[in-house]
Amino acid sequence: MIRIPFVKMQGAGNDYVYLDCTRQPMQDLLASFTLPALARRLSNRHYGIGSDGLVLILPSSVADLQMRMFNADGSEAEMCGNAARCVGKYAYEHGLVGRNVITLETHAGIRQLTLNIEENRVQSVAVNMGKPQLLGQVILPPENIKGLCHEVYKVSMGNPHAVFFMEEPVEEADLQSIAASVSAHPSFPEGANVEIVNLLSAKEVNMRVWERGAGETLACGTGACAVAAAAQTKKKADRQVTIQLPGGALMVSRQTDGSLVLTGPAQEVFIGEYLIQKVL
């Protein structure tokens with residue numbers, strides 16, 4: 001019997017299983033597993049813990065900590081803003097760091113986290129997500145998305161995004177079909193996270209998100225940043241914009257150097273041990 005200690009955390013409903021791999025015994029334990037298979041097993045909402053994916057918190061030679069993140073289907077992602085914020089909360093409250101500003105190594109680069117701390121508890125976390133890359137626009141044929149023709153903004157936040165601005169309420173849209181059409185389009189050879197957006201005002205937008213490897217989720221930090229960047233490019237959003245998602249609100253602020261800072265809540269939901277009979 002193998003026992004794997006874990007923490008379940010969520011940021012705006014974007015929930016992941018976190019494994020603290022900063023100590024050698026946990027690193028030795030994980031070395032015997034195939035990580036994609038482990039991510040699929042732990043993320044399964046019926047036979048596992050249940051989550052949008054798996055996050056490993058690791059030592060780093062270039063930052064305070066390193067984060068590796070796997071989607072629920074086992075694919076490894078470059079970056080996740082909500083997961084990064086949860087790592088910051090965990091790191092401070094579990095004694096891995098003792099400062100309110102820390103650095104985090106990710107596959108998308110090193111990110112700086114600023115912790116809002118009250119009475120020794122992290123209330124919210126702001127993460128500098130870097131500068132967005134606007135990669136142009138694509139028009140998907142109407143037949144691809146049930147008679148609707150939409151202009152799509154291609155944005156990279158270290159991972160690919162397809163941002164749709166819609167007149168119809170996003171709650172009524174068939175996000176699964178739209179995501180399928182994006183995945184099949186030659187402009188997105190690696191697929192993309194798909195965001196559908198209603199512009200409510202220059203300070204607020206409403207969005208839903210479909211993530212590669214996880215399907216529709218309650219929130220996506222990189223997606224929120226991609227939406228803010230596209231809306232600002234359209235001259236439809238201020239430098240600071242609130243992104244309303246099914247799991248809650250996130251705030252994205254553009255800095256003077258063009259980078260985007262994502263701010264929102266992070267919550268530790270529960271801790272436990274996952275029991276495995278044999279190595280995957």
Side-chain angles (χ1 to χ4, degrees), residues 10-14 78-86 88 106 108-109 111-116 123-138 150-173 175 178-179 182 192-211 216-267:
Q10 64 88 14
N14 203 190
E78 299 89 346
M79 174 59 179
C80 174
N82 289 321
R85 291 187 297 100
C86 287
T106 75
R111 299 292 184 252
Q112 180 175 287
L113 312 179
T114 303
L115 315 180
N116 173 28
Q123 303 301 315
S124 64
V125 180
V127 52
N128 190 312
M129 301 288 286
K131 297 178 182 179
Q133 291 182 284
L134 277 297
L135 303 176
Q137 295 162 260
V138 178
H150 289 293
E151 188 176 57
V152 185
Y153 282 75
K154 294 179 63 178
V155 184
S156 174
M157 290 300 307
N159 57 352
H161 292 268
V163 180
F164 291 72
F165 292 97
M166 312 182 78
E167 295 296 330
E168 64 184 294
V170 295
E171 293 82 4
E172 299 175 8
L175 179 54
I178 295 173
V182 167
N193 294 344
V194 178
E195 291 82 27
I196 55 176
V197 186
N198 294 143
L199 292 166
L200 304 180
S201 71
K203 298 183 181 297
E204 185 177 21
V205 306
N206 190 28
M207 69 170 268
R208 287 169 59 198
V209 59
W210 182 96
E211 296 192 61
E216 183 169 4
T217 60
L218 295 182
C220 174
T222 56
C225 290
V227 165
Q232 289 163 353
T233 298
K234 284 171 63 71
K235 309 297 184 185
K236 297 293 186 181
D238 292 344
R239 296 183 68 87
Q240 181 170 294
V241 59
T242 298
I243 312 293
Q244 298 290 352
L245 297 118
L250 297 172
M251 182 177 294
V252 180
S253 302
R254 182 179 288 273
Q255 307 301 292
T256 54
D257 66 354
S259 63
L260 299 179
V261 170
L262 174 74
T263 303
Q267 180 186 22

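FYI, side chains are in, hydrogens and waters are out, and symmetry mates aren't considered; it's all heavy atoms of this structure.
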Between [X] and [Y], what is the shortest heavy-atom contact and its length?
| X | Y | value |
| --- | --- | --- |
| Trp210 | Ala179 | CD2-CB, 3.4 Å |
| Gly81 | Val127 | O-CG1, 4.2 Å |
| Ala108 | Gly158 | CB-CA, 4.0 Å |
| Val209 | Ala219 | CG1-C, 4.0 Å |
| Gly221 | Leu262 | CA-CD2, 3.6 Å |
| Phe165 | Ala231 | CZ-N, 3.6 Å |

Margin query: Please check if the number of heavy atoms outside Lys203 that lie under 6.0 Å from its NZ is greater than 12.
Written below: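 It does not: Lys203 NZ has 12 such atoms or fewer within range.
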
Check: Can any side-chain N or O of Arg85 pair as donor or acceptor with the backbone N or O of Pro265 at less than 3.5 Å?
Finding: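 A pair under 3.5 Å: yes.
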
Check: Is Arg239 reaching over with its side chain to a backbone N or O of Ser253, donor-acceptor style, under 3.5 angstrom?
Finding: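 Flag not set: sc Arg239 to bb Ser253 has no pair under 3.5 Å.
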
Is there side-chain contact between [X] and [Y], with heavy atoms separated by less than 4.5 Å?
| X | Y | answer |
| --- | --- | --- |
| Thr222 | Met129 | yes |
| Lys234 | Tyr153 | yes |
| Leu260 | Pro132 | yes |
| Asn14 | Glu211 | yes |
| Val227 | Val241 | no |
| Val155 | Leu134 | yes |

[X] [atom1] to [Y] [atom2] distance, which is reported to the nearest 0.5 Å:
| X | Y | atom1 | atom2 | result |
| --- | --- | --- | --- | --- |
| Asn193 | Ser156 | CG | OG | 10.5 Å |
| Ile243 | Cys220 | CD1 | SG | 11.0 Å |
| Met207 | Phe164 | CE | CZ | 12.5 Å |
| Glu204 | Leu199 | CD | CG | 11.0 Å |
| Asn128 | Thr263 | CG | OG1 | 10.0 Å |
| Arg208 | Met166 | CZ | CE | 9.0 Å |

Next item on the list: Please determine, by modelled atom types, if Gln244 and Asn198 share a side-chain donor-acceptor pair under 3.5 angstrom.
Entry: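 Not at all, the side chains of Gln244 and Asn198 share no donor-acceptor pair under 3.5 Å.
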
Notebook entry, point to check: Could you walk me through whether Val182 and Val138 pass the side chain to side chain contact (heavy atoms under 4.5 Å, CB included) check?
Noted result: CA-CA 10 Å; Val182 167; Val138 178; over 6 Å; no

